[in-house]
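Here the structure is a predicted model, which is why all the values come from computation and not from measurement.
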Amino acid sequence: MITILPISKKENTSKVYVVSDLIQLSSLGFNEDEFNYLKESLKDDFEWKLINRLKEQIYVVKVKDKPTSQSQEKIRKAGANITKSLNEFKQKEVAVYDKTKEEAYLSSIAEGMALANYQFLKYFKDAKNKTNTLKSIYAQSKDISKEQLLELNAIVEATFWARDLVNEPVSFLNAEELSNQIVEMGKKANFKVEVLDQIKLETLKMGGLLAVNKGSLDPATFTKMEWKPKSAKNKKPIILVGKGVVYDTGGLSLKPTANSMDIMKCDMGGAAAVSCAIYAIAKAKLPIHIVGLVPATDNRPGGNAYAPGDVVTMFDGTTVEVLNTDAEGRMILADALAYAKKYKPELVIDAATLTGSAMRAIGSYGSVVMGTASDTAFNKLEESGENTYERTVRFPFWDEYAQEIKSPIADIKNLGGASAGAITAGKFLEHFTDYPWIHVDIAGPAWADSDSGYLSKGGTGTGVRLFFDFVKNY
Ligand code: BES
Ligand code: ZN
Ligand code: ZN
């Protein structure tokens, strides 16, 4: 863990100075050589330089005057690299001073520094030796309020938890363990959690979720979360729904692409985003009534696995012709989206590692969004995407796409045509909604193939910061 704290008076600690003008360096106690070195070498904006005093490291970052989405991301990344450097120097703490009077830069650099300190070491024998030394980031308190520090810490902790959940293999994190983890979140942040077990799902006739679970030895679960503070500003809840496929083999339509299964423990990235966002929201006590729904199972080709050609009766009574068992995410989400109707929600957002199509379209730099919510809601989400750099891009959602999921023997089928796969998947989901709704396909950004900036190879926790910011500004 890493904590961001208000600054203490300790002098002998490593420091980071954020400056917008080199004049600001003159009051920071550098000797003439150091001062001249910084003046000459700090040319580009968002570059940082290190003055190494052996016992302590002094970093200087130069920024442009006004914070923007782009520049805040640059300073997050500068912060991430500084964290790497501090750990190489085995530093335990660092103090961050802002000389620019732009609070946004201070919180962004602290966020980037903290997020970059993430490690997933659980399965190493010598985890202790590998653990980062950095434990505390002190941020100049006059520029950052107590609430902001609380929020930052909640976001960082929640993002780390989401990354852990994605990085955990299915040998540990099956559907029941995912539910246990969410129960744990509820206890720690004081929100309500209820887990529906296999028997309950059978009595409720959650046909989509149960069909996907048929090839599995582990039971399915459906986890409900609720954060309802007395101060809630909304009368009808906002609902977050997350795809919780703890492992996706493709089922009987076994994944055809070599090695594509290697990262399929990431297929509960939507569930991680949703549950951990609610965890952060509850920890920060945001005044919004939120409900979270996570249907969870693995998707395997075991003995009684659902098969191409099957017709499945879903929770809401819709019949679905299954033509590809690898299109399982929409099967379990459909039941959760139909279940969401009973809350008469103001808005429903689902997050899912749903399609390779979304990833192929825009890569891992953002999420694909579509749906039936108002333009205002989409714009707000896009704005949050810029604030957090978990960007979203809206895809068309024309009626014509729905033609492709018509079935000759059932109400709809779970497979569209050869093109626009992300959108036809969205159209399948739309069938189960009757409220304003946004679908967020996070197949691209949920997993990082390599370390980069404040992301490390593996689970990214994408969605946590996006949804937190969206709810905060709601
Ligand atoms: N979990 C996958 C989508 C995915 C792909 C997530 C890559 C993360 C990275 C999903 O269940 C899937 O298999 N989708 C299929 C649907 C197809 C069979 C209609 C796909 O996109 O290929
Ligand atoms: Zn699949
Ligand atoms: Zn999947």
Note to self: Tell me whether the NZ or CZ atom of K236 lies within the 45° cone about the ring axis of Y435 and under 6.0 Å from its centre.
What the structure shows: no
Next item on the list: Check whether any side-chain N or O of N414 sits under 3.5 Å from a backbone N or O of N324 as a donor-acceptor pair, and report yes or no.
Entry: yes
Check: Which class fits the ring pair Y474 and F470: parallel under 30°, tilted 30 to 60°, perpendicular over 60°?
Finding: tilted
Item checked: Inter-residue atom distance K77.NZ - I75.CD1, 0.5 Å rounding -> 13.5 Å
Next item on the list: Measure centre to centre between the rings of Y339 and F222, then say whether the value is under 6.0 Å.
Entry: yes
Notebook entry, point to check: K427 and E404: side-chain contact (heavy atoms from CB on, under 4.5 Å), yes or no, with the steps?
Noted result: CA-CA 9 Å; K427 280 288 163 190; E404 297 189 26; over 6 Å; no
Check: Distance from I82 atom CD1 to N87 atom CG, nearest 0.5 Å?
Finding: 12.5 Å
Check: Should the heavy atoms of other residues, nucleotides or ligands under 6.0 Å from NZ of K341 be counted, would the total exceed 12?
Finding: yes
Notebook entry, point to check: Between S367 and E390, is any pair of side-chain heavy atoms under 4.5 Å apart?
Noted result: no
Item checked: K472, NZ atom: more than 12 neighbouring heavy atoms under 6.0 Å -> no
Margin query: Is it the case that over 12 heavy atoms from other parts of the model lie below 6.0 angstrom from the CZ atom of F172?
Written below: yes
Margin query: Looking at S69 and E386, would you say the former's side chain and the latter's main chain have a donor-acceptor pair under 3.5 Å?
Written below: yes
Check: Got more than 12 heavy atoms from elsewhere within 6.0 Å of NZ, K84?
Finding: yes
Notebook entry, point to check: Crowded around K187 NZ? As in, over 12 foreign heavy atoms under 6.0 Å?
Noted result: no
Note to self: Can you confirm if the NZ or CZ of K130 lies within 45° of the ring axis of F124 and under 6.0 Å from the centre of its six-membered ring?
What the structure shows: yes
Next item on the list: Grab the two heavy atoms, one from L254 and one from P301, that are nearest each other, plus how far apart they are.
Entry: CD1-CG, 4.2 Å
Next item on the list: Please check if any side-chain donor atom of Y454 sits under 3.5 Å from a side-chain acceptor atom of E73, or the reverse.
Entry: yes
Note to self: Under the criterion side-chain contact (heavy atoms from CB on, under 4.5 Å), I'd like the reasoning laid out for R163 against L455: C-alpha separation, chi angles, the key distance, then a yes or no.
What the structure shows: CA-CA 10 Å; R163 289 177 182 179; L455 302 179; 3.6 Å; yes
Next item on the list: Give a yes or no on whether the backbone of G250 and the side-chain of T325 come within a donor-acceptor separation of less than 3.5 Å.
Entry: yes
Check: Any side-chain donor paired with an acceptor under 3.5 Å for S253 and D326?
Finding: no
Notebook entry, point to check: Which of these passes side chain to side chain contact (heavy atoms under 4.5 Å, CB included) with T353: I442, V245, D248?
Noted result: I442
Margin query: For A336 versus L293, what's the shortest heavy-atom pair and its separation?
Written below: O-CD1, 3.7 Å
Notebook entry, point to check: Is there a donor-acceptor contact under 3.5 Å linking the side chains of E168 and Q181?
Noted result: no
Item checked: Contact summary for P219 and E176, nearest pair of heavy atoms -> CG-OE2, 3.4 Å
Item checked: Under 3.5 Å donor-acceptor, D441 side chain and A443 backbone -> yes
Notebook entry, point to check: How many angstroms lie between CE in M314 and CD1 in I412, if you round to the nearest 0.5 Å?
Noted result: 7.0 Å
Next item on the list: Look up atom OG1 in T133 and atom CD in E88, then write down how far apart they are to the nearest 0.5 Å.
Entry: 10.0 Å
Notebook entry, point to check: Looking at side-chain heavy atoms only, is the closest gap between M1 and F160 below 4.5 Å?
Noted result: yes
Note to self: Would you call the rings of W437 and F397 parallel, tilted or perpendicular, taking 30° and 60° as the class edges?
What the structure shows: tilted
Notebook entry, point to check: Between the side chains of T318 and D316, is a donor N or O closer than 3.5 angstrom to an acceptor N or O?
Noted result: yes
Notebook entry, point to check: Should E151 and L286 count as side-chain neighbours, where that means a heavy-atom distance under 4.5 Å?
Noted result: yes
Note to self: I'd like to check L173 versus Y247 (side-chain heavy atoms, cut-off strictly below 4.5 Å). Are they in contact?
What the structure shows: no
Check: Would you say the side-chain atoms of D350 pair up with the backbone N or O of V241, donor to acceptor, closer than 3.5 Å?
Finding: no
Item checked: Nearest non-hydrogen partners of V464 and C276, listed with the distance -> CG2-CB, 3.8 Å
Next item on the list: Specify whether W398 and Y401 have parallel, tilted or perpendicular ring planes, treating 30° as the upper limit for parallel and 60° as the lower limit for perpendicular.
Entry: parallel
Note to self: On a heavy-atom basis, which atom in P229 and which in I288 lie closest, and how many Å separate them?
What the structure shows: CD-O, 3.5 Å
Notebook entry, point to check: Has K135 got more than 12 heavy atoms of other residues, nucleotides or ligands less than 6.0 Å from its NZ?
Noted result: yes
Next item on the list: Tell me yes or no: between the side chains of N117 and T83, is some donor less than 3.5 Å from an acceptor?
Entry: no
Margin query: Counting neighbours of CD1 on I199 that are heavy atoms of other residues, nucleotides or ligands and sit closer than 6.0 Å, is the number greater than 12?
Written below: no
Next item on the list: Determine, step by step, whether M268 and L165 satisfy the side-chain contact (heavy atoms from CB on, under 4.5 Å) criterion, reporting the C-alpha distance in whole Å, the side-chain angles of both residues, the deciding distance to 0.1 Å, and the verdict.
Entry: CA-CA 8 Å; M268 33 53 70; L165 292 177; 3.7 Å; yes
Next item on the list: Please tell me if the side chains of Y306 and N299 come closer than 4.5 Å, counting only heavy atoms from C-beta onward.
Entry: yes
Notebook entry, point to check: Between the side chain of D298 and the main-chain N/O of V246, is any donor-acceptor distance below 3.5 Å?
Noted result: no
Notebook entry, point to check: Backbone N or O of A446 within a donor-acceptor pair of the T460 side chain at under 3.5 Å?
Noted result: yes
Check: About how many Å separate CG of L196 and OG of S179, when rounded to the nearest 0.5 Å?
Finding: 9.0 Å
Check: Has K228 got more than 12 heavy atoms of other residues, nucleotides or ligands less than 6.0 Å from its NZ?
Finding: no
Next item on the list: May I ask you to decide if V320's main-chain N or O and D310's side chain share a donor-acceptor pair within less than 3.5 Å?
Entry: no
Checklist line | Residue pair V291 / W227, side-chain heavy-atom distance below 4.5 Å | finding: no
Next item on the list: Ignoring hydrogens and angles, state whether a donor on the side chain of Y279 or E157 is under 3.5 Å from an acceptor on the partner side chain.
Entry: yes
Checklist line | Distance, nearest 0.5 Å, that separates OG1 of T221 from CG of N213 | finding: 9.0 Å
Check: Sub-3.5 Å donor-acceptor pair from the side chain of S136 to the main-chain atoms of T3, do we have one?
Finding: no
Note to self: Keeping Q148 on the side-chain end and S107 on the backbone end, is there a donor-acceptor pair under 3.5 Å?
What the structure shows: no
Margin query: Show, in sequence, the C-alpha distance, side-chain angles and deciding distance for I144 and L152, and conclude whether the side-chain contact (heavy atoms from CB on, under 4.5 Å) test is met.
Written below: CA-CA 10 Å; I144 198 158; L152 261 178; 4.1 Å; yes
Item checked: Pairwise side-chain contact, I137 with I2, heavy-atom cut-off 4.5 Å (strictly under) -> yes
Check: Can you name the nearest heavy-atom pair linking T249 to M261, along with the distance?
Finding: O-CE, 3.6 Å
Check: Can the positive tip of R465 be found less than 6.0 Å from the middle of the six-membered ring of F467, inside 45° of the ring normal?
Finding: no
Notebook entry, point to check: Quick one: are M225 and V294 in side-chain contact, heavy atoms under 4.5 Å?
Noted result: yes
Next item on the list: For the residue pair Y343 and E226, confirm or rule out a side-chain donor-acceptor distance under 3.5 Å.
Entry: no
Checklist line | Charged N-O contact under 4.0 Å between D267 and K243 | finding: yes
